[in-house]
Amino acid sequence: MSHPAPIVIVGTGLAGYSLVKELRKLDKETPVIMITADDGVSYSKPMLSTGFTKGKDADGLAQAETAAMSEQLNVTVRTFSTVTGIDTESRDLILGDERLRYGKLVLAWGADVIRLGIEGDGQEHIHSINDLVDYRAFRKALHGGKRVAIMGAGLIGCEFANDLRNGGYEVDVIAPDANVMPSLLPEAAAKAVQHELTELGARFHLGTVVDRVDRQEQGVRVTLGNGEVLEADLVVSAVGLRPRVELARAAGLNIGRGITVNRALETSAPDVFALGDCAEVDGQVLLYVLPLMASARALAKTLTGQRTEVRYGTMPIMIKTPCCPTAVCPPPKGAEGEWQVEQEGSDVKAVFKASSGDVLGFAVTGRFAVEKQALAKQVPPIHQD
Ligand SMILES: Cc1cc2nc3c(=O)[nH]c(=O)nc-3n(C[C@H](O)[C@H](O)[C@H](O)COP(=O)(O)OP(=O)(O)OC[C@H]3O[C@@H](n4cnc5c(N)ncnc54)[C@H](O)[C@@H]3O)c2cc1C
């Protein structure tokens with residue numbers, strides 16, 4: 001008797017492993033093969049920007065070895081295996097010369113870091129940190145150094161700025177907008193975070209960009225668009241992420257800003273699903289943990305025969321800048337209304353209200369951060385029925 005084709009999951013990040021954990025609560029037996037381009041070590045990606053604060057290096061941030069995950073979850077994990085294509089007609093995953101038959105296929109292959117075309121011969125000193133392997137290389141390169149230049153003042157750039165200051169490093173942050181985290185925070189909250197990071201010793205160079213990174217005897221020389229020249233041991237690039245869509249597009253799947261899926265996480269091809277940073281779920285591309293956890297719970301049920309749609313509730317984002325604790329629930333794009341701000345120094349409570357008085361979003365910093373739970377209850381869920 002031939003065995004049924006397995007469930008194949010591409011990716012062992014939080015999306016892939018969360019899905020298998022949920023699946024195994026419902027079904028201990030169905031064969032599952034996980035494929036990953038990296039070493040398959042289980043870790044919590046949000047912790048990468050807390051290493052110095054928590055006194056943990058890359059090994060300290062690893063949560064479980066691949067073999068332990070494989071045994072605990074009763075799955076086969078194939079490491080250092082890169083998917084190169086999908087044949088949705090024959091239901092094969094393509095890995096170079098090899099074809100792997102799937103019964104059901106789940107794409108949990110994450111997002112790519114955006115790489116800017118920076119001039120200069122110091123390219124190998126520019127680090128993007130989007131997984132534990134990157135983090136290990138970054139910590140190794142930083143060894144013996146003191147000065148870090150961070151490109152980008154979004155959530156990840158600001159979190160690394162705080163963490164590196166806590167680790168005793170000199171930090172310069174360079175970003176084109178006038179404020180930090182411009183797509184997440186209203187101005188008053190952004191200014192508060194910037195102020196507290198500055199008090200902590202981080203130097204901000206806003207309204208400009210990095211033009212060149214040139215090698216020096218010690219580290220690099222970083223030339224900014226405004227003419228300033230900085231010296232650093234290395235550069236961290238934190239300028240954004242883009243869902244990985246190319247292989248899915250080549251396979252003929254519908255693509256938007258991510259791999260297009262409905263609320264049942266179904267792509268446009270039969271028995272092919274997607275979740276996590278690579279997916280656009282019913283129009284939402286949310287590169288955060290809470291949406292992927294909700295998706296994993298729903299998809300586990302679907303894969304075990306009970307088709308289930310995910311419904312995103314209210315999902316506040318905690319920004320890990322301990323010098324200025326911050327939480328935000330951005331209002332939906334294009335929402336009509338205005339920010340109402342209450343402020344004492346770096347303690348900011350900004351609430352986005354529609355003309356009806358309904359609360360559509362909020363941002364809280366400092367001592368107001370404790371109000372996040374109460375405010376989140378007032379914000380409507382992301383997916384409204
Ligand atoms: C520094 C940092 C801090 C963050 N902080 C927070 C936070 O505080 N709160 C929050 O909610 N979110 C945070 N995030 C975002 C959150 O961590 C991500 O949304 C989440 O981890 C994405 O998980 P994923 O499994 O979808 O993708 P990934 O973890 O990127 O996993 C992708 C997997 O796919 C594999 N893969 C990719 N391409 C291929 C291929 N062709 N073949 C085979 N395998 C492949 C990779 O090897 C990997 O195993 C943070 C992110 C970063 C970088």
Side-chain angles (χ1 to χ4, degrees), residues 8-21 33-51 53 61 66 69 77-86 93-96 98 100 105-114 127-135 138 150 152 154-164 184 236-248 250-251 258-259 265 274-281 285-296 299 312 315-322 325-329:
V8 176
I9 300 171
V10 187
T12 55
L14 282 170
Y17 276 140
S18 301
L19 173 62
V20 182
K21 284 180 193 159
I33 300 177
M34 301 185 79
I35 310 281
T36 177
D38 63 27
D39 57 12
V41 169
S42 168
Y43 71 103
S44 173
K45 192 183 291 201
M47 295 299 111
L48 295 183
S49 47
T50 66
T53 307
L61 291 173
T66 316
M69 293 304 285
V77 185
R78 289 181 49 176
T79 55
F80 303 111
S81 302
T82 301
V83 172
T84 52
I86 307 164
L93 195 62
I94 303 168
L95 301 116
E98 187 194 342
L100 177 67
L105 174 64
V106 180
L107 307 177
W109 60 32
D112 274 321
V113 293
I114 295 174
H127 290 252
S128 298
I129 304 168
N130 188 34
D131 59 37
L132 195 58
V133 176
D134 294 340
Y135 190 70
F138 158 71
I150 301 175
L155 176 143
I156 292 174
C158 287
E159 289 189 354
F160 274 115
N162 198 146
D163 195 47
L164 284 160
L184 272 182
V236 169
S237 175
V239 297
L241 292 160
R242 206 176 275 137
R244 293 189 173 111
V245 296
E246 288 316 319
L247 293 175
I259 301 169
L265 291 319
L275 80 165
D277 277 7
C278 64
E280 178 176 328
V281 182
V285 177
L286 298 170
L287 308 185
Y288 299 106
V289 175
L290 286 178
L292 72 79
M293 302 288 269
S295 298
L299 184 52
Y312 289 167
M315 292 178 166
I317 300 159
M318 316 300 171
I319 297 162
K320 299 186 292 307
T321 43
T326 299
V328 57
C329 217

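Every number for a ligand or one of its atoms is a count from 1 in the order of the listing.
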Under a 4.0 angstrom heavy-atom cut-off, which atoms of ligand 1 come close to [X]?
X      : result
Leu292 : 20 (C), 22 (C), 23 (O)
Gly110 : 27 (O), 30 (O), 32 (C)
Gly276 : 26 (O)
Gly11  : 33 (C), 34 (O), 35 (C), 49 (O)
Arg244 : 37 (C), 38 (N)

Quick one: does any side-chain atom of Asp39 pair with a main-chain N or O of Val133 as donor and acceptor, under 3.5 Å?
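It does not hold such a pair.
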Between the main-chain N or O of Met293 and the side-chain N or O of Ser295, is there a donor-acceptor pair closer than 3.5 Å?
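Side chain of Ser295 to backbone of Met293: no pair is present.
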Check each heavy atom of [X] against ligand 1 and say whether those closer than 4.0 Å belong to the side chain, the backbone, both or neither.
X      : result
Ile156 : side chain
Val10  : side chain
Leu275 : neither
Cys278 : neither

Proximal candidate to [atom] [heavy atom criterion; set [options]]:
atom                    : options                       : answer
atom 13 (C) of ligand 1 : Pro46, Gly13, Ala15           : Pro46
atom 38 (N) of ligand 1 : Tyr288, Trp109, Tyr135, Tyr43 : Trp109
atom 43 (C) of ligand 1 : Gly51, Ser81, Ala296          : Ser81

Consider every N or O of Thr36 and every N or O of ligand 1, then say whether any pair is closer than 3.5 Å.
yes
Test of proximity, Leu287 against ligand 1: N or O pairs below 3.5 Å:
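Indeed, backbone or side chain, Leu287 has an N or O that close.
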Ion pair present between Asp112 and Arg244, side-chain N to carboxylate O less than 4.0 angstrom?
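Judged by the 4.0 Å cut-off on N to carboxylate O distance, Asp112 and Arg244 do form a salt bridge.
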After noting the C-alpha distance and the side-chain angles of Thr79 and Asp38, does the key distance pass the side chain to side chain contact (heavy atoms under 4.5 Å, CB included) rule?
CA-CA 6 Å; Thr79 55; Asp38 63 27; over 6 Å; no
Walk me through it: do His127 and Asp134 pass the test side chain to side chain contact (heavy atoms under 4.5 Å, CB included)?
CA-CA 8 Å; His127 290 252; Asp134 294 340; over 6 Å; no
Can you name the residues that form a side-chain contact (heavy atoms from CB on, under 4.5 Å) with Ser49, not counting sequence neighbours?
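Ser49 satisfies side-chain contact (heavy atoms from CB on, under 4.5 Å) with Glu159, Phe160, Lys320 once adjacent residues are dropped.
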